[in-house]
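Notes for the one structure printed next.
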Amino acid sequence: MSLPRSSNTPSPATLVALLPEVVSDVAEQMFFGWAEACDAAQSEALIRDSLASAGPDWVHVEVAFRGAIDGVLHVALPCDLARDLGSAMLGMSDGAALSGALLDDAAGELANIICGAVLTRGEQTTQFELLPPLISRRDPSAAALTTGVSFFTINDRPMIVRFAGREP
Amino acid sequence: MSTAAAKSLNLLVVDDSAMMRAMLTRAARLSGLPIGAIHEAANGQEALALLETQSVDALFTDLNMPVMTGMELLRIIDERNSWPGLLRVVISADGSAAKRDGADALNTLRYIEKPFKPEAIRDVLAALL
């Protein structure tokens with residue numbers, strides 16, 4: 001399906017620039033978390049700490065979108081962080097009580113909301129379509145080594161976001 | 001619904017994310033407002049089946065869902081006119097003007113854009129009552 005384009009369609013770089021504000025808002029409002037952008041060196045240190053304390057189990061989410069700009073938002077975060085965010089969303093005190101399926105669901109919803117908010121705030125008037133999140137479990141290296149990524153901390157743990165968009 | 005001070009609202013929450021359904025259910029239960037049954041559906045098709053068999057006062061639906069989207073669900077509800085008193089609320093990560101206008105045209109009372117604070121659900125429920 002071809003969605004209508006607007007004459008004031010923002011560039012992908014403009015949308016990437018919205019990520020820090022959007023990630024902070026989503027973490028705070030939906031997951032009661034504290035998020036901020038960080039640089040690659042800080043992220044690398046956080047990833048190292050995370051690998052040492054929680055192991056290499058990371059959840060990766062890809063949300064494809066179509067509209068004035070087509071592309072994919074990729075979010076990667078440690079499973080224990082996704083578990084804690086999901087628990088906070090549901091008001092649970094014990095993150096371990098969150099099942100694996102709900103953990104994936106929490107990560108998927110996190111990525112879905114970030115993607116929707118970036119596109120909404122950037123495009124505002126134009127129509128877009130979000131596809132269902134694709135979720136996988138891998139170590140963080142695949143995301144961290146990719147070019148064009150943005151690094152964040154949420155509750156002092158690492159999260160990697162890559163917004164790859166192109167005009168169709 | 002202004003005369004329903006003693007009445008409780010029966011809700012139908014439609015979202016393909018179990019987390020979102022649980023979060024919305026929790027927010028409604030913690031709102032301090034008279035909430036009755038809360039039914040859950042993972043897509044528009046499941047929601048229609050529940051509407052056929054359950055008493056529902058207010059529908060909270062996501063838009064992007066597999067099988068049947070929220071917009072398709074709202075369109076069918078509007079066309080059938082079988083639930084004229086059903087209060088319709090959209091909750092979506094897509095806050096574009098195009099989607100808002102589309103929902104407005106299908107008699108949606110409120111459009112909640114993600115991210116939102118849980119208090120937003122309480123405020124909408126209070127307004128519906």
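Chain naming here is simple, since letters A, B, ... match the order of the sequence lines and numbering starts at 1 in each. All heavy atoms count here, side chains included; hydrogens, waters and symmetry mates do not.
For B/Glu113, the part lying under 4.5 angstrom from a heavy atom of chain A is the side chain only. For A/Phe31, no part lies near chain B; criterion is any non-hydrogen pair under 4.5 Å. Looking at B/Lys117, both its backbone and its side chain come within 4.5 Å of chain A, counting heavy atoms on both sides.
In terms of heavy-atom pairs under 4.5 Å with chain B, the best-connected choice from A/Leu131, A/Val22, A/Val26 is A/Val26.
Nearest heavy atom pair, residue A/Gly86 against residue B/Met19, reads O-CE, 3.3 Å. Heavy-atom minimum distance, A/Phe128 versus B/Gly95: CZ-N, 4.5 Å. Of all the heavy atoms in A/Asp105 and B/Ala18, the pair that sits closest is OD2-N, 2.7 Å. For the residue pair B/Pro118 and A/Gln29, the shortest heavy atom distance occurs at CD-O, 4.0 Å. Between A/Ile113 and B/Pro115, the closest heavy-atom pair is CG2-N, 3.7 Å. Here the closest heavy-atom approach between residue A/Leu90 and residue B/Ala22 is recorded as CD2-CB, 3.5 Å.
Linking ILVMFWY side-chain heavy atoms closer than 4.5 Å, directly or via other members, places A/Val16 and A/Val161 in a single hydrophobic cluster. By the criterion of side-chain heavy atoms lying less than 4.5 angstrom apart, applied directly or through intervening Ile, Leu, Val, Met, Phe, Trp or Tyr residues, B/Met65 is not grouped with A/Leu102; the two fall into different hydrophobic clusters.
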Report task. Check step by step if side chain to side chain contact (heavy atoms under 4.5 Å, CB included) holds for B/Met23 and A/Glu109. Result -> CA-CA 12 Å; B/Met23 186 266 198; A/Glu109 198 59 26; over 6 Å; no
Query - Full working for side chain to side chain contact (heavy atoms under 4.5 Å, CB included) between B/Met20 and A/Met89 - result: CA-CA 9 Å; B/Met20 277 306 303; A/Met89 189 179 184; 3.2 Å; yes
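In this structure, the side chain of B/Asp94 does not engage the main chain of A/Gly116 through any donor-acceptor pair within 3.5 Å.
In this structure, A/Asp156 places its CG atom where only 12 or fewer heavy-atom neighbours from other residues, nucleotides or ligands lie under 6.0 Å away.
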